Each structure stands twice: as C-alpha cells, then as structure tokens.
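Down below is the structure, laid out as structure tokens.
Order of appearance sets the numbers: ligands from 1, and atoms from 1 within every ligand. If you're wondering where the values come from, they're calculated on a predicted model, not measured in any experiment.
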Amino acid sequence: MTTIGFAGLGNMGSPMAANLIAAGHDVRVFDLVEDLMTNVSGAHPQTSAAAAAAGVDVFISMLPAGRHVESLYIGDDGILSGMSKSTLIIDCSTIDPQTAQRVAAAAKAHGCQMLDAPVSGGTGGAINGTLTFIVGGDALALERARPVLGAMGANIFHAGASGAGQIAKICNNMLLAIQMAGTAEALALGVSNGLDPAVLSQIMKESSGGNWALNVYNPYPGVMSGVPASRNYQGGFLVDLMIKDLGLAMQTALASRSSVPLGSLANNLFRLHEQTADAGQLDFSSIQKLYLRKK
Ligand code: NAD
C-alpha cells in the first residue's frame with residue numbers, strides 16, 4: 001500500500017482518487033470545495049493541501065490550469081517547501097509546458113522528483129480506470145510512478161524530459177479539435193444535401209475519412225447513443241477546456257515559431273462557437289451546432 005496525497009477532486013480528480021482507493025492505497029485528499037472531499041468514499045479529507053502532502057509517498061495534483069499548479073507548489077503559501085524529499089510528485093493537470101518545467105525545476109532544487117503526467121480519455125476514462133498518461137520527466141521517476149498510474153489508467157507513455165508530457169498532450173488535443181470540427185463540417189455538408197447523418201457517418205467511418213470522432217464520439221445529434229451529442233451536449237469534455245488547450249497549443253507554437261494554420265483555425269472556430277452559442281459548458285462535440293442551419 002502506498003500513501004498518496006491528492007489535490008483537485010473535480011470531474012477528473014474524484015474518480016481518479018476513487019480508483020486509487022479501490023486499488024488499496026491510503027489516499028489523503030484536498031479540494032478548495034469542501035463537499036467534493038466527502039464525495040470520494042474511503043478517502044481521508046484534509047484541511048489543506050499541505051496536510052494532504054505531509055509525509056506521503058506520492059502526491060498527485062489534478063487542477064484546472066498552470067496558474068493553479070504554480071500557486072499550489074511554489075506560490076506564496078506553496079506546499080513544495082514543506083514536502084518530504086522522498087515524495088514523488090505527479091501533476092496530471094493539462095498546463096503549459098513552461099510552467100510544468102518551472103515547477104519541476106523547483107521540485108528538483110528542493111530534492112523531490114516530479115513528473116508532468118497529463119491524461120487523455122476524459123471523464124469516462126477516469127471513472128473506468130482506462131486513462132492514458134502522457135508523461136514527461138525522469139525515466140526512473142516514471143518507473144516509481146507506474147504502479148500508481150496503473151491503478152488509474154490503461155496506457156502509460158514516456159514522451160521525454162520534463163514538460164514533454166504537456167507538449168504531447170497539447171499536440172493531441174489540437175489534432176482532436178481539428179478532427180472534430182472537420183467531422184462536424186462534413187456531416188453538415190451531407191445533411192444540407194439531403195443525406196441521413198447516420199448513413200453518412202457509417203460510410204465515412206468505413207472509408208478514408210474514418211476517424212476517432214466517427215468511431216466513438218459522433219457529434220451529430222441522434223446518430224450514436226451514449227455520447228454527449230445524444231444528450232444535448234451535456235457532460236463530456238467542455239468547450240471551455242478545449243479552448244484552454246487550443247490556447248496552450250497557440251502559445252507553444254508561438255514559442256517555437258511553428259506554423260499551425262489548422263490549429264489556429266480550430267482555435268478561432270471553438271472561440272466563435274463559445275461566444276455565439278454561449279457554449280462554454282457544453283461538450284466540445286457541440287461545435288456541430290456552428291454548422292447546423294436554423295430551421
Ligand atoms: P475541474 O474544474 O472539474 O476540477 C478541478 C478541481 O481543482 C476543482 O474541484 C477545484 O476546486 C480544484 N482546485 C483548484 N485549485 C486547487 C488547489 N489549490 N487545491 C486543491 N484543489 C484545487 O477540472 P477537471 O475536468 O477535473 O480537469 C482537471 C484537469 O484535467 C484540467 O487541467 C483539464 O484540462 C484536464 N483534463 C480534463 C478532462 C475532462 O474531460 N474533464 C480530460 C483530460 C484532461
């Protein structure tokens with residue numbers, strides 16, 4: 001049994017912590033929202049992040065964005081300075097690679113190992129323990145982390161040095177946004193020309209346009225059951241979070257002077273969608289609405 005501290009019990013963090021408990025670990029949790037701590041059965045709620053981090057073998061954070069991660073570890077009341085040097089820190093949030101590298105460097109200077117380990121697989125993957133972890137940092141630290149990550153996920157990839165996990169995750173989500181917008185566009189074109197979206201989906205799925213959205217996350221309402229499009233785009237991966245990730249992709253492209261014309265277009269499409277349909281809290285497949293004709 002490993003003693004684990006866990007900060008951030010939101011849509012992803014709560015089921016991830018629950019899977020650690022189910023695997024037999026001793027899990028001490030902290031969230032700024034008190035109620036979230038009592039929702040995770042078998043977890044030990046703490047009064048502060050510092051208390052959750054005190055003397056644990058592994059400390060995991062699952063927070064919204066880079067500023068939260070920076071503030072938690074190295075802000076004014078940052079917990080890093082009080083952490084044991086033997087604690088392995090794993091940040092699973094999706095954040096900018098620069099912040100990930102800065103916090104990991106501070107952890108190293110303090111004497112701790114730290115990994116960036118953003119995830120893919122959404123809330124379903126978090127609940128079912130089938131997340132993909134995309135890890136940046138020292139290979140030996142990753143070997144230490146494997147049993148703990150394995151309790152929450154099905155795939156673990158080592159992307160490279162510190163920050164590389166975040167870069168790989170950002171590349172993946174930029175591609176996901178492009179692919180989802182493209183799929184919605186093709187479906188809308190077919191429907192505008194008299195095709196049944198379910199028939200068109202089946203044709204494209206088995207043809208050269210086949211992709212992940214068509215296979216498991218069809219954006220057109222009524223085509224696939226159990227996906228956000230079949231429940232008014234409630235739940236799933238929010239437009240606001242996709243906009244955050246596309247913003248990270250744009251920053252990363254700027255920093256490396258990379259050309260990302262399709263990513264940039266997807267960034268603008270999702271922002272336009274958020275503004276025109278007030279869609280921030282809808283699933284990202286709701287980009288389909290941008291293409292649907294008003295009756
Ligand atoms: P969320 O907003 O539901 O949860 C974040 C939680 O962090 C909140 O409960 C908040 O109160 C808590 N928090 C913030 N600052 C804190 C602090 N200092 N100490 C303790 N708790 C603090 O977000 P989420 O959907 O769980 O996503 C978390 C991260 O995972 C994000 O970076 C997101 O981009 C990434 N992610 C989300 C999904 C998804 O489908 N939701 C998929 C992959 C990756």
Please tabulate protein-ligand N/O pairs under 3.5 Å for ligand 1, atom names and distances to 0.1 Å.
residue, atom, partner, partner atom, Å
ligand 1, 3 (O), Asn11, N, 3.0
ligand 1, 3 (O), Asn11, ND2, 3.4
ligand 1, 9 (O), Asp31, OD1, 3.3
ligand 1, 9 (O), Asp31, OD2, 2.8
ligand 1, 11 (O), Asp31, OD1, 2.7
ligand 1, 26 (O), Asn11, N, 3.3
ligand 1, 26 (O), Met12, N, 2.9
ligand 1, 32 (O), Leu63, O, 3.0
ligand 1, 32 (O), Pro64, O, 2.9
ligand 1, 32 (O), Thr94, N, 3.0
ligand 1, 32 (O), Lys244, NZ, 2.9
ligand 1, 34 (O), Lys244, NZ, 2.9

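The shortest distance between side-chain heavy atoms of Met12 and Leu131 falls below 4.5 Å. In this structure, the side chains of Ile89 and Leu115 stay at 4.5 Å or more apart for every pair of heavy atoms.
Here Tyr217 and Phe284 bring their ring centres to under 6.0 angstrom of each other.
Its side chain within the 4.5 Å cluster rule, Met224 clusters with Val227 among the Ile, Leu, Val, Met, Phe, Trp and Tyr residues.
With hydrogens and angles left out, the side-chain atoms of Asp283 and Ser286 include no donor and acceptor closer than 3.5 Å.
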For Glu274 and Arg271, what are the C-alpha separation, side-chain angles and deciding distance, and is it a salt bridge (Lys or Arg N to Asp or Glu O under 4.0 Å)? CA-CA 5 Å; Glu274 190 274 317; Arg271 282 176 190 274; over 6 Å; no
